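None of the values given here were measured: they were computed from a predicted structure. Just so we're on the same page: letters track the sequence lines, and every chain starts at 1.
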Amino acid sequence: MLSVCAHGFILAPIAVVLIYNLLGRDFARRHFVWFAGAGTVWQLGSAFAAFALLWRTGGGSYRFSIFWDMRAPGAAYFELSTLKVFLLLMIGLVSLVSVLVARQTIDANRSSYANLLMILMLGMNGMLLVTDLFSLYVFMEVTGICCFVMIAMFRSRADLEGAFKYLVMSEMASIFLLTGFAFLFMRTGSLRYEDLQGLTATGGLLEDRLVGVAMVLLLSGFSIKTGAVPFHSWLPDAHQSADTSVSVLLSGIVIKIAGVYGLMTVCRLFEGFSSMRTVLAVLGAVSILAGALLAARQGHFKRVVAYSSVSQMGYILLALSTGTTLGLIGALAHILSHAVFKTTLFANAAALHEQAGTLELDEMGGLEERMPKTALSSVIAFLSLAGIPPTLGFWSKLLILLALWQSGKQGLAAFALLASIFTSAYMLRLQKKAFFGHIRDSLTDVREATGTVLAAELLLTALTVLIGCAYPFILSALGAQGLL
Amino acid sequence: MLSVGYMLLTVGVLMVLAGCWCMIRTLHMLKITIGIEVAMKGVTLFLVLAGRVSGQLALSQTFILTIIVIEVVVAVVGTGMAVGLFRKYGSMSVRNLSRLKG
Amino acid sequence: MMLWLFILPLGAGCLLWLFRRNYALSLVLALGFSAAHFAVAYLLCQAGADISYSFAPYGFGLWFRADAIAQLYLLLSAGMFILLALYTTGFCRDKSWGGAYQFCLWVSLAMLDGALLSDHLALTLFFWEGLLCTLFGMLLLRNTEKPQTAIKALTVAGTADLLLMLGIALTIHAAGTARLSEMHHLPISGWGAVGCACLLAGSLGKAGCVPFHSWIPDAAADAPTPFLAAFPGSLEKIAGISLASRIVTGLYDFHHGSAASICVMTVGAVTLLYGVSMALIQKDMKRLLSWHAISQVGYIVLGLGSGVAVGVAGGVYHLLNNVLYKSGLFMAAGILERQAGTTDLHNLGGLGRKLPLTTVSTIIFALSIAGFPGTNGFTSKELIFDAALEIHPAFYIAALVGAFMTAASFLKLTRSAFFGKFAAPQKDVREAGPAALLPTVLLAAGCLVCAFFPVLPLDKWIGGAYGFEESFAAMPKSPVLVGLSCGVLALAVLDHVYGSRKEGSALKAADHLHYAPGMKQYYACAERGALDPYRWLMGGVDAFSRGCAWVESGVSWLCDTGIPGAVRNIGDTLSRFNTGSLSRYLALAVCGLVAVGFIFYLA
Amino acid sequence: MTLVLIFAGLELTFGIYAVASKSILRSAIGLALASAMLSTVFYALGAQLASVFELSVCSGLVTVIFISGVSLSHSPKLDLQGEYRDRERNRYLPALLIGGGAVMLALGFLLGGGGLEFAADSAQSAQEVLWGSRQAEVWGQIAAILCGGVAVTVLFREERRDR
């Protein structure tokens, strides 16, 4: 059972792509939702199953390989663990939402969307499953390229611009990372996680200096992918220009898998470098502040939400900077809540774009009476983002603050708490400009979102509230596992 | 006297510097892509050097093969975007890319 | 039985408020209840020299104790109150605020009883604050839309009460108990000294001593005359002086010649001189009397502060006399106000024939307050002079100057109001009704009784209450002092004659003093309010509130403009930096790399 | 080993030529030549397989891609336009490179020759490693190639008239 699920993470997307491209062109165009949906639902279901199975066995890990013998010396293999399966679940969830949104927003390039979505999922699954830094890089590059193409494929000026900027920044990240890997490789002769663990720079030799340089390069490279300030510049451009269904993917999951998971891996492998955590704390704090400040003055709905992603990534980096189990759990919890509320907001953006025809905040206003359900879901996402109980966001922020406090970083905890005010400020501005106030004359015949976009909004809103209410049970379950 | 390995390292660093310079300073989009490739040349040099230094040349060769594949794909995508933007603006200048800002 | 002292006034207040429309009934009620109250007080005094009543269920205690001093003041206030009630009822007839005023007055009586009888300092404080509330209420009654006077009174008297509160707290701290009956001659040192000072300031401030005097002249302009007769005239003084005399005689170790004594006497002298000098130039009867009410407190304080038996006896006797004649004067002023329509001395004159009884009473009061030999005021003043001289000649001279000015101003008052020509609008002035006249006449009679039989009040009551062995009724002993006093009085008469000749009218008899060099500047200063501590206080409060407003506006600017502006500006700057230029993005990333390197190697 | 250094130097030279050249076409050719020199370095260092791929794919295919990109956008003559201001914007490139090289060399001398001695190679061949134990890379390459295919179809397609 577990092996089926595990193999499926790699093979299922490839299978979907192959089958999909064998079919007739028009048929494929018309039914792209079903194929993409099947892939994402499979991912979701198998991730659930794998999570349940792994949880029952007590949070162990499961190693497997496809067609190769993993017992050969130095062989790379795939590995499933609870953490990875949790992130796989996130991938499935966000991809499903993206498909639901795409059904209504995408007209041209439908088949390309389906193909690229599957390859993107494959890339992210691969990033999570591999146990070798170089393989991680390869799958990260696949993820990146899929994103560039997905942003660029509509070929409007803004699309191409955002995609090109993303591409160049991302390649810079690749250069940093590969250089870092090469320097590590000089010292260890291997990039497998198990060979790298416990590595420290003892000082003296050039190789050891190179290891330090490699750490800096790895941190910077993954920070570019995460979109932490000052590496964030590409992120709002890419998010704003992309089609909303792609923005959902980018903000909801790609920056977390390609960036945050990479940082998580680096932190886990090189625990000996304590200054790495200082770097993460500084980057996180700067990101929180600068992201919020920038978000507060943007005029485009998606750009506000994109800068808010920068800010929220800062919280996750702060959580990682603690280096404790609680911090890790806080980061994962915030990844979940961020995935949920950020996809909600992008689904709202899709609904607004579809119904009102604009995403410029100055051209919106008073849409609450025309689109009550969208407004409601947006407000709940805002509450979650601002960390108001009992929504998801409250619990994850609480966990992060607790982790910071427990690891002796009281100042940072206070800072994170205060920065929440900024979060509320820019989100309030967004809500006010888009949904409240007097309705504009040009918007009087706007109607409520329909179909799958509405379904996605409602699903995510329900998740925000329901998981938020169920959080005490989740925490007690984690406590029973001895993780808190 | 410097070792050969260190000289190669220096060459690689200079390649990466030149590539990054090209990415940052050049206005021509295709040339930015070429800059990426130049920097990647430096990185591959690092990798083969690392393979020689650590005695894992075979492993580093597999890495290089994979990187070459990815390099090609990146070059294709970059060129495609540059061409797409040229069709929009009639120019390859990266200065046109200022619709998204703020 | 002690409870009746509270039940009766409270009940009377309610009933009078209920039947405020029925004049006859309220007259009967007022007389009946005040007489009953007096009877209860009298019975209480007869029952024993020292009875106490405590009521302490659940740890919450009410301790009352009627010792000799309390009995003295209780009887005095109860007796006085009969006349006040009668006068008030007459005055309040057909007034819209009459019912509420009566209620407040009677509640004040209950409060005063409590303040006199309570044996627990916290309880004292409660009754004093209650007195303050009713005072505020009464001042507010007629001036609801112009409450400045009431607020001034509340502020000034409230400050005094605040000091009293502090003093009580410190005294309790110093004594280790809150029961008055358990405190004996606490040492004036350390916290005890501060406590004593605060307590004295509070109690004397209640009586109207400088610097807590300034509401009284204002109240004279705004408040109804019965209020003046009742509060600055008698009840407040009784309350304040009773506590002050307790402090001086038993509570603290207050002996003559000590620093505390000198301080208190200085305050008394200043009060005396300031009050009387201000009274000298007043041209309105009520204002003039109110300034005298302040200056007479100065005499009392001078006497009490000396700490010698003769001074205390003189002070308390002067209080008794003062209650008699000052209330009487206020009542007479009320009669003038009611019958002649004004108390402005410019518009009065020649009323002696129209209002014979009032005139006679006023003359008796005036002689008494001026201390002409043979009056009760003369006796008490001589005692105080004696005590002042015993401490320091300066105090004696101050007292003499006060006597001179008092005599001068009362000569002016009586001559310009009751003698001379009729002022135009007073053709058909008639004598007041019995409700107003009777108390006045009775007070005048009281003055005469005290003048002729000083032994009874002075030796029997006061000496008995305070336990003085020697007899003071045989005073004056020193013919030199008497001669000096008489000389001063003669000087005042001469001065008056000179002044009225010079200026051409009795009213302007004091003007040559008013415009004398030195005095002129002093009076100008006073007119501007520069000597009014309330103004200083309000100035300070104003500055404080302006400072607060400044801070507050700064804070709100910070919250409304500063922080959002800073945030917006930072956001704008960051945002302007992001020009969409790819080179800039990449350069920023490289800078980020360098920064990360720095942090990594520095950390 | 001297040969290695000579070819590495040539690689650097061509790389800098690719960066500094005013013409995009010459840049592409410079990149191809740098690639070819790199493959020679690989060969000299004993990485024959990588050398072959580098020569065929990087100096062949990538150059073809760039040149087709150039031809799809405009004629080479247009490159001479001053729009891109290459000379002006590359003014400080030599300074950067000389500075970077000097720092690296100084560091190397400070660290006593710099270390980085070549170790004895393990007996495995590249094929064995790639097909024997690096499955993840193979799956990754498959994904990347799929992605590249989709990218080509999407990005190089002629624009439809109706858009």
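For the atom pair CD1 of B:I34 and CZ of D:F66, the computed distance is 5.0 Å after rounding to the nearest 0.5 Å. Expressed to the nearest 0.5 Å, how far OG1 of D:T2 lies from CE of B:M7 amounts to 10.5 Å. Here CD of D:E11 is found 3.5 Å from CE of B:M15. Values are rounded to the nearest 0.5 Å. Once rounded to the nearest 0.5 Å, the distance linking OG of D:S73 with CG of B:L30 reads 5.5 Å. How far CG of D:L155 is from OG1 of B:T79: 10.0 Å, rounded to the nearest 0.5 Å. Atoms CG and NZ, from D:L12 and B:K41 in turn, are 13.5 Å apart once rounded to the nearest 0.5 Å.
Residues B:L2 and D:F109 meet the side-chain proximity criterion, which asks for heavy atoms closer than 4.5 Å. The closest side-chain heavy-atom distance from B:T44 to D:F42 is below 4.5 Å. In this structure, the side chains of B:L14 and D:M104 stay at 4.5 Å or more apart for every pair of heavy atoms.
Counting only residues at least two apart or in different chains, ring pair (Phe, Tyr, Trp, His ring centres under 6.0 Å) contacts with residues 8-36 of chain D are absent.
Among the residues in residues 32-39 of chain D, those with a non-hydrogen atom closer than 4.5 angstrom to a non-hydrogen atom of chain B are D:S35, D:L38.
Within the 3.5 Å criterion, the main-chain N or O of D:E117 finds no donor-acceptor partner in the side chain of B:Y6. The main-chain N or O of D:F118 is never found under 3.5 Å from a side-chain atom of B:R52 such that the two would form a donor-acceptor pair. Listed for the B:K31 side chain is no donor-acceptor partner under 3.5 Å among the backbone atoms of D:I24. The main-chain N or O of D:N90 is never found under 3.5 Å from a side-chain atom of B:R25 such that the two would form a donor-acceptor pair.
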Just do the side chain to side chain donor-acceptor pair (under 3.5 Å) check on B:T66 and D:Q141 with the steps written out, would you?
CA-CA 6 Å; B:T66 318; D:Q141 286 185 30; 3.0 Å; yes
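Interface residue D:L5: only side-chain heavy atoms are found under 4.5 Å from chain B. Heavy atoms of D:V19 lying under 4.5 Å from chain B belong to its backbone as well as its side chain. Interface residue B:S54: only backbone heavy atoms are found under 4.5 Å from chain D. In this structure, chain B has heavy atoms under 4.5 Å from both the backbone and the side chain of D:A47. Both the backbone and the side chain of B:V72 come within contact range of chain D, each with at least one heavy atom under 4.5 Å from a heavy atom of that chain. Heavy atoms of D:R89 lying under 4.5 Å from chain B belong to its backbone as well as its side chain. If you measure heavy-atom distances from D:S21 to chain B, the contacts under 4.5 Å come from the backbone alone.
Per-residue counts of heavy-atom pairs under 4.5 Å with chain D were compared for B:G42, B:A75, B:A50, B:S93; the largest is that of B:S93. In terms of heavy-atom pairs under 4.5 angstrom with chain D, the leader among B:L57, B:V38, B:T10, B:V73 is B:L57. Interface summary for chain D: among B:I67, B:V4, B:L49, the most heavy-atom pairs under 4.5 angstrom belong to B:V4. Of the listed residues (D:L61, D:L96, D:I16, D:V138), the one with the most heavy-atom contacts under 4.5 Å to chain B is D:L96. When each of B:T26, B:L85, B:L8 is checked for heavy-atom pairs under 4.5 Å with chain D, B:L8 comes out on top. Chain D forms more heavy-atom pairs under 4.5 Å with one residue of B:L65, B:T33, B:L17, B:V13 than with any other, namely B:L65. The candidate from B:I70, B:I68, B:V74 with the greatest count of non-hydrogen atom pairs under 4.5 Å with chain D is B:I68.
With sequence neighbours excluded, no residue satisfies salt bridge (Lys or Arg N to Asp or Glu O under 4.0 Å) with B:E37. Residues that satisfy the side chain to side chain contact (heavy atoms under 4.5 Å, CB included) test with D:I67, not counting sequence neighbours, are D:L25, D:A28, D:T63.
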